[in-house]
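The next block holds one structure in the form of structure tokens; read it before the comments.
Heavy-atom basis, side chains included; hydrogens, waters and symmetry copies ignored. Read the numbers this way: they start at 1 and go in the same order the structure lists the ligands and their atoms.
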Amino acid sequence: METTYHQPQSGNEMPRFAGRTTMMRLPYSDGPQGLDVAFIGIPLDVGTSQRAGTRYGPRHIRNESVMIRPYNMATGAAPFDSLHIGDLGDVPINTYSLLKSVDIIEDYYTTLNDWPLIPLTLGGDHTLSLPILRALAKKHGPMGLIHVDAHTDTNDEMFGEKIAHGTTFRRAVEEGLLDCHRVVQIGQRAQGYTSDDFQWGVDQGFQLIPVEACWHRSMTPLMAEIRQKLGQGPVYLSYDIDSLDPAWAPGTGTPEVGGLSAIQALEIVRGCRGLDLVGCDLVEVSPPYDISGVTAQLGANLLYEMLCVLPGVRYPREARV
Ligand SMILES: [Mn+2]
């Protein structure tokens, strides 16, 4: 019997500006049963240090995902003919309490561990990656990490707090959630609180690729090296939209000049094909600063590209380039 997969609703069946407002116009899923991949929104912004607004991120990424069509014309991927993909809606965070929200997120993702699905998360500020990593580590053990971001997010404290959007990966290391020699940070730049701000992660074993090492270059050769380094073990991909230059992604809370281009972002995500990705997030889209919607649209496309490189995706046609 032929398997039926969930498909994005076609623009020839219902206009793209109408109909479903789920991620990529997929069916809404009541629960994780039967899903290989779930889109999940986390409308969190109480962990941000500068401009707020990422609480609206999931809704706007979904809204700007309506143009996504099923087949990847560049790489040949056919994710919707390969995997059962659905949208589980949003995690009901407590917007009055960051710490309670972190616990709610961890519990939510821990429950999903009972199912063989890969979560793709729509953020939300970067605090949310910590509880997701906590939950996934219960299933996979310490994971490799590809962390694309203008910042290292390895502060010890922010305003005296241990949990905030800029402390995520230091906490993750301290809690043993990461396989530190399989962690790569890409795109860091701008100014530090101290001159050795980027060093802490490197001292733990991280590879740090500051944005200047990416300027004027294709990311494709770099990603080949990263795939070699990360090997066959589990990998989490955490993609902060502020890794991009504000010219490409203005709608974010802590923008930094001189960032990655949209083309480099596509090369990075496409370069993850072949890794054992166990989860991905796309964080820090802040719609109040995204007047044209271009940041959310880019976020939606990067999430689509993540979908295309998950284990089990078929490529009925090879890449055009
Ligand atoms: Mn970040």
Which atom of D240 approaches the Mn ion (ligand 1) most closely (N/O/S):
OD2
Is any N, O or S atom of D242 under 2.8 Å away from the Mn ion (ligand 1)?
no
Sub-6.0 Å ring centroid separation between H181 and F206:
no
With carbon and hydrogen excluded and only N/O/S kept, which atom of D149 is nearest the Mn ion (ligand 1)?
OD2
Results of side chain to side chain donor-acceptor pair (under 3.5 Å) for Q7 - residues two or more places apart only:
D81
Answer yes or no: are there more than 12 heavy-atom neighbours, outside E13 itself, under 6.0 Å from its atom CD?
yes
Ring-face cation contact, Y28 with R20, 6.0 Å cut, 45° max
no
Between the Mn ion (ligand 1) and H126, which N, O or S atom of the residue is the nearest one?
ND1
Restricting D153 to its N/O/S atoms, the closest one to the Mn ion (ligand 1) is OD2
Of all the atoms in E284, is at least one N, O or S atom closer to the Mn ion (ligand 1) than 2.8 Å?
no
What I want to find out is whether R134 reaches E106 closely enough, with some N-O distance under 4.0 Å, to be called a salt bridge.
yes
